[in-house]
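Numbers for residues simply follow the sequence, beginning at 1. Just follow the structure's listing: the first ligand is 1, and inside any ligand the first atom is 1.
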Amino acid sequence: MRYARIAGTGSYLPARVVTNHELAQRIDTSDEWIVTRTGIRERHIAEPEQTSSDLALEASRAALASAGIDAGAIDLIVVATSTPDFVFPSTACLLQAKLGVKGCAAFDVQAVCSGFVYGLAIADSFVRTGQAGCALVVGAEVFSRILDWKDRTTCVLFGDGAGAVVLRADARPGIRASVLHADGSQAGILAAPGNVCGGRVIGSPLVRMDGQAVFKFAVRVLDDVARETVRKCDLTVADIDWLIPHQANVRILDATAKRLGLPRERLVITVDKHANTSAASVPLALDAAVRDGRIRAGHRVMLQGVGGGFTWGAALVEM
Ligand code: UT7
């Protein structure tokens with residue numbers, strides 16, 4: 001059997017840190033409200049000239065270095081982003097050029113905060129079916145560009161960043177199973193409902209969210225999709241060593257672990273340090289826990305995305 005294994009992980013956060021206290025000087029909010037309701041303490045914000053492909057490049061270099069693989073060996077690049085550099089070409093193509101390689105397939109995936117899990121599932125299929133031997137999967141976002149900085153109900157929740165993994169074909173299982181879902185009838189509860197038409201912005205391209213509806217939806221589907229994914233592997237929830245849900249709100253993470261009956265010690269939480277970075281959040285958390293030695297070879301890790309669309313999904317990965 002041919003499988004896709006994670007050979008390396010990497011991540012990158014822009015240098016500029018914006019704390020809750022700094023935000024509280026600009027809008028009607030407080031560190032106490034943000035920490036209690038979300039667990040977020042600070043977020044990183046990209047410089048005006050930094051784009052998603054720039055953040056993706058740093059995360060990709062780190063992932064390639066940890067895998068000990070040259071960029072020239074990659075034969076597929078998938079970038080998950082809702083904040084691409086341009087309408088086109090894709091951020092994946094721009095990343096490919098910045099990595100100094102050419103020829104391999106490169107495309108973007110748009111599934112908002114589920115984007116990394118969607119990208120991972122696609123790349124896994126390419127590797128398992130022999131269409132790729134080495135894939136780079138990246139989640140990269142500059143969400144700060146699509147926030148209404150006067151809307152305290154959304155702007156305090158998000159940040160910028162990127163995370164990446166290198167997948168390599170292997171005879172040992174790596175990605176054991178993945179499951180993807182969507183429900184377009186729920187598009188309205190989390191959206192940036194605008195676009196460019198004839199050179200002008202139409203609609204509102206800034207994030208709008210019904211926070212409570214998203215919260216309830218997220219907790220339910222993260223529970224369901226984790227169970228569906230372990231069932232696909234003939235495992236149970238108790239076989240999960242580490243749970244890495246999309247890092248949106250610590251209350252969603254805690255509620256998910258509780259519903260699954262997993263102790264808090266098996267939950268990886270990084271949302272306090274970078275807020276919700278959409279498609280980048282899962283690989284950012286994965287890389288943090290790999291680098292600090294919590295996640296080790298042989299561990300089973302459940303990666304979970306949930307976000308606009310509505311979209312959700314999970315992958316069970318053996319490291
Ligand atoms: O990738 C998926 C993306 N999104 C999410 O995962 C978000 C999911 N939802 C949530 O995380 C939570 O619903 C929020 C953190 C967004 C909000 O928490 P909540 O406990 O649902 O609060 P709420 O919306 O019920 O608001 C409670 C109060 C309101 O005031 P009133 O009406 O009770 O007087 C808000 O106006 O908190 C107020 N509020 C704020 N106060 C201070 C809302 N935002 C803020 C703020 N600072 N930033």
Task: Exercise check, heavy-atom protein proximity under 4.0 Å to atom 32 (O) of ligand 1 - done: no
TODO: Would you mind listing which atoms of ligand 1 come within a distance below 4.0 Å of any non-hydrogen atom of I252?
DONE: 6 (O), 8 (C)
Task: Over 12 non-hydrogen atoms of neighbours within 6.0 angstrom of CZ in R296 - done: no
Task: Over 12 foreign heavy atoms within 6.0 Å of CZ, R41 - done: no
Open item on the list: Just to confirm my output: which protein heavy-atom neighbour is closest to atom 47 (N) of ligand 1, and how far is it?
Closed with: T29 OG1, 2.7 Å
Task: Protein contact to atom 4 (N) of ligand 1 [nearest heavy atom, distance to 0.1 Å] - done: M209 SD, 3.2 Å
Task: Proximal candidate to atom 9 (N) of ligand 1 [heavy atom criterion; set S114, G211, G307] - done: G211
TODO: Measure from atom 48 (N) of ligand 1 to every heavy atom in R37, Q247, R152, Q212 and give the option owning the shortest one.
DONE: R152
TODO: Give the residue and atom name of whichever protein heavy atom lies nearest to atom 16 (C) of ligand 1, and the separation in Å to one decimal.
DONE: L157 CD1, 3.9 Å
Task: Identity and distance of the protein heavy atom lying nearest atom 17 (C) of ligand 1 - done: W33 CH2, 4.0 Å
- [ ] Could you grab the distance from atom CD of Q247 to atom OG1 of T38, nearest 0.5 Å is fine?
- [x] 12.0 Å
Open item on the list: What protein heavy atom lies closest to atom 5 (C) of ligand 1? Include the residue and the distance to one decimal.
Closed with: V214 CG1, 3.6 Å
Open item on the list: Less than 4.0 Å from atom 39 (N) of ligand 1, is there any heavy atom belonging to the protein?
Closed with: yes
Task: Interfacing atoms of ligand 1 (cut-off 4.0 Å, heavy-atom, C113) - done: 1 (O)
Task: Mutual orientation of the aromatic rings belonging to F107 and F126 [parallel < 30°, tilted 30-60°, perpendicular > 60°] - done: tilted
Task: Side-chain touch V35/E32, heavy atoms, less than 4.5 angstrom - done: no
Task: Atom CZ of R168: over 12 foreign heavy atoms under 6.0 Å - done: no
Task: Heavy-atom side-chain contact between S281 and E141 under 4.5 Å - done: no
Task: atom 20 (O) of ligand 1 within contact range, any protein heavy atom under 4.0 Å - done: yes
Task: Those atoms of ligand 1 less than 4.0 Å from some heavy atom in V156 - done: 48 (N)
Task: Shortest protein contact, atom 6 (O) of ligand 1 (heavy atom only) - done: A248 CB, 3.3 Å
Task: Element-labelled atoms of ligand 1 that are located less than 4.0 Å from some non-hydrogen atom of N249 - done: 10 (C), 11 (O), 15 (C)
- [ ] Answer yes or no: are there more than 12 heavy-atom neighbours, outside R264 itself, under 6.0 Å from its atom CZ?
- [x] no
Open item on the list: I'd like to know if R16 pairs up with D160 as an ion pair, taking the criterion as any Lys NZ or Arg NE/NH1/NH2 lying under 4.0 Å from an Asp or Glu carboxylate oxygen.
Closed with: no
TODO: Could you verify whether a donor N or O on one side chain and an acceptor N or O on the other, from Q110 and S82, lie under 3.5 Å apart?
DONE: yes
- [ ] For ligand 1, indicate whether the residue I27 contacts it via side chain, backbone, both or neither (heavy-atom separation under 4.0 Å).
- [x] neither
Task: T153, portion touching ligand 1 at heavy-atom distance under 4.0 Å - done: both
Open item on the list: Show me which atoms of ligand 1 lie under 4.0 Å from any heavy atom of R251.
Closed with: 18 (O), 20 (O)
- [ ] Please determine if N276 has a nitrogen or oxygen closer than 3.5 Å to a nitrogen or oxygen of ligand 1.
- [x] yes
- [ ] Look at atom 15 (C) of ligand 1 and say which protein heavy atom is nearest, naming residue and atom and giving the distance to 0.1 Å.
- [x] T38 CG2, 3.6 Å
Open item on the list: Consider side-chain contact (heavy atoms from CB on, under 4.5 Å). Of V301, L286, V290, which one does I6 pass it with?
Closed with: L286
TODO: Apply salt bridge (charged side-chain N to carboxylate O under 4.0 Å, His left out) to D170 and R2, showing your working.
DONE: CA-CA 6 Å; D170 202 295; R2 183 180 161 108; over 6 Å; no
